[in-house]
Number of protein chains: 2
Amino acid sequence: MTEPLYKTVIGTLIDRIISGELVPGAMLPSEHDLGTELGVSQGTARKALEELERRGIIKRRQGVGSFVAVRTPENAMFQFFRLRNPDGTQAIPDLAEEAVSSRNAAACEAGQLSGAPEKVHEIVRVRTIGGARLIYEKSVVPAVLFPGLDQRAPLPNALYALYQQAFRIAIVRAEESIRAIAADQETASALGCAVSRPVMRVERKAFDIADRCVELRSSFYVTDHHAYGISLS
Amino acid sequence: MTEPLYKTVIGTLIDRIISGELVPGAMLPSEHDLGTELGVSQGTARKALEELERRGIIKRRQGVGSFVAVRTPENAMFQFFRLRNPDGTQAIPDLAEEAVSSRNAAACEAGQLSGAPEKVHEIVRVRTIGGARLIYEKSVVPAVLFPGLDQRAPLPNALYALYQQAFRIAIVRAEESIRAIAADQETASALGCAVSRPVMRVERKAFDIADRCVELRSSFYVTDHHAYGISLS
DNA sequence: CTGCGTCAGTCTTGTATAAGAATTCTCCTA
DNA sequence: TAGGAGAATTCTTATACAAGACTGACGCAG
């Protein structure tokens with residue numbers, strides 16, 4: 001056998017989560033049962049579960065069990081919303097405006113999104129912090145993966161919780177490109193600020209549990225009183 | 001015993017690296033020898049070594065051995081220098097100007113740096129990419145941890161490799177706050193750009209293997225043709 | 001005698017397995 | 001209602017074997 005047993009177990013569990021056999025919040029078989037079922041020892045099953053926990057796909061609690069990770073509004077904010085208050089605490093944004101539309105994918109969007117979709121949904125939102133319009137973001141997702149998303153307004157604050165609950169798509173990781181630019185006309189009017197004012201532009205590619213790119217997001221932040229906080233390791 | 005054995009082993013190994021008993025590049029005892037020496041089994045020693053590898057403190061190679069990680073100019077760039085070319089490849093900066101000075105620590109610096117140092121060294125540098133002045137950075141380190149740093153000019157491109165080789169301080173992780181601001185007079189003249197032009201400002205706190213904050217760095221980037229690339233997971 | 005390739009030996013980490021300890025929750029009982 | 005026994009789970013530790021990698025001895029050709 002070329003592939004280690006525990007990697008086969010990992011693949012089996014991921015397949016079950018993708019197929020919907022294991023839904024978010026569901027309890028996985030215990031280490032012992034999983035080993036018996038798949039014909040491996042408890043230790044091997046355990047090694048697979050440990051790696052899935054490191055990747056954020058499941059949660060384990062001693063004495064309780066292992067569970068498929070649930071993307072709640074809270075943890076989605078904490079993990080993927082990086083704007084911080086001056087004291088370092090998490091900034092909590094409110095939703096001010098929202099527009100959802102359906103359109104044909106641009107060539108560069110189709111090239112980056114999984115499945116090279118023809119149709120996409122676009123979600124444009126303006127967010128406020130303490131009443132000030134500080135965030136303008138445009139998200140693009142393949143229509144085929146998110147059927148009916150354009151008829152669900154108003155959308156919740158945390159999109160990734162919705163993605164998981166309504167469309168069975170769990171965002172696991174993201175890649176971002178950050179730059180400082182001068183606000184263009186569109187951004188300035190959305191944020192109610194002056195044209196050519198410095199804003200932070202973040203281009204995000206979000207990947208699901210199967211490592212497919214399922215969302216492109218372009219965000220613009222006013223960072224006068226808040227900063228984007230990240231960790232390098 | 002309240003603390004698991006393998007965590008004790010981790011602490012022992014980290015202490016040996018901090019003390020200089022294990023220098024960068026040195027080979028650690030094999031799993032078997034380490035277990036015998038510390039009175040634990042090979043499996044327990046292995047669990048400790050696996051976690052140290054996950055934390056980037058050591059490197060392991062099957063059939064060869066385990067080695068204390070070496071901070072080379074290449075991997076320091078790759079891990080902590082996040083500016084990327086438009087095609088996503090790593091941008092490689094050159095050094096244009098450099099000034100090293102020694103001064104008293106400001107209150108906010110002493111409060112953040114490990115040991116609340118009175119004296120600090122300040123390294124101010126301008127970097128270029130393809131000949132264009134795109135990066136202006138100011139690093140502040142405690143003088144007591146970096147004796148004689150101010151007499152070492154010219155400094156190498158990758159400071160963190162120098163920190164490890166010359167001062168036995170290994171930067172393991174960093175926290176950054178990012179914002180888009182208008183360039184002030186000082187930054188604009190350093191970068192040779194217009195005042196109030198949008199630039200990206202990155203405030204970094206760098207931590208060593210003992211999780212002490214040993215460097216504060218304030219960087220300013222011109223991001224017209226390059227972007228700051230990060231991963232969220 | 002020298003140079004080179006091969007192959008066995010040995011040292012290393014990687015993988016698989018198992019048993020007992022610690023933790024958590026449930027449920028029964030006083 | 002409080003407390004304790006019990007069952008279920010993960011966590012810790014231990015051991016055996018497999019796989020990869022370097023070393024050195026050996027043999028053979030030049």
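Residue numbers begin at 1 in each chain, while the letters A, B, ... track the order of the sequences.
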* To do: For D/dT9, take OP1 and OP2 only and decide whether either is under 4.0 Å from a side-chain N or O of A/Ser66.
  => no

* Asked: Near A/Arg84 CZ, under 6.0 Å, is it more than 12 heavy atoms from other residues, nucleotides or ligands?
  -> yes

* To do: Give the intermediate values and the outcome of side-chain contact (heavy atoms from CB on, under 4.5 Å) for residues B/Leu95 and B/Leu155.
  => CA-CA 9 Å; B/Leu95 212 46; B/Leu155 298 174; 5.7 Å; no

* Name all residues meeting the salt bridge (Lys or Arg N to Asp or Glu O under 4.0 Å) criterion together with A/Glu53; count only those two or more places apart in sequence or in a different chain, and write none if there are none. => none

* Can you list the residues that meet the salt bridge (Lys or Arg N to Asp or Glu O under 4.0 Å) rule with A/Glu51, with sequence neighbours excluded? -> A/Arg55

* Is the NZ or CZ atom of A/Arg173 both under 6.0 Å from the centre of the six-membered ring of A/Phe207 and within 45° of that ring's axis? -> yes

* Asked: What's the CG-C1' distance between A/Leu5 and D/dC17, to the nearest Å?
  -> 14 Å

* To do: May I have the distance from A/Gln62 (atom CD) to D/dT10 (atom P), rounded to whole angstrom?
  => 10 Å

* To do: Please list, chain by chain and in numerical order, all residues satisfying salt bridge (Lys or Arg N to Asp or Glu O under 4.0 Å) with A/Lys138, sequence neighbours excluded.
  => A/Glu186

* Asked: Within this structure, what is the CD-to-C1' distance between A/Glu3 and D/dA18, rounded to whole angstrom?
  -> 17 Å

* Rounded interatomic separation in angstrom, taking CZ from B/Arg60 and C1' from C/dC11 -> 14 Å

* Asked: Hey, does the side chain of B/Ser30 come within less than 4.0 Å of C/dC11's phosphate (OP1/OP2), counting only N and O?
  -> no

* For the helix from C/dC1-D/dG30 to C/dA30-D/dT1, measure the angle between the helix axis at one end and the axis at the other, each built from five pairs, rounding to 10°. => 10°

* Which class fits the ring pair A/Phe81 and A/Tyr221: parallel under 30°, tilted 30 to 60°, perpendicular over 60°? -> tilted

* What residues in residues 31-55 of chain A put a non-hydrogen atom under 4.0 Å from any atom of DNA chain D? -> A/Glu31, A/Gln42, A/Arg46

* When you match A/Gly63 and B/Arg61 each to their closest nucleotide on DNA chain D, which lands nearer the 5' end? -> A/Gly63

* To do: Please name all residues satisfying salt bridge (Lys or Arg N to Asp or Glu O under 4.0 Å) with A/Arg46, sequence neighbours left out, ordered by chain then number.
  => A/Glu31, A/Glu50

* According to a strict under-4.0 Å criterion, is A/Tyr6 in side-chain N/O contact with OP1 or OP2 of C/dA16? -> no

* Rounding to a whole Å, what distance do you find between A/Leu28:CG and D/dA8:C1'? -> 16 Å

* Does one side chain, of A/Ser231 or B/Glu175, offer a donor that lies under 3.5 Å from an acceptor on the other? -> no

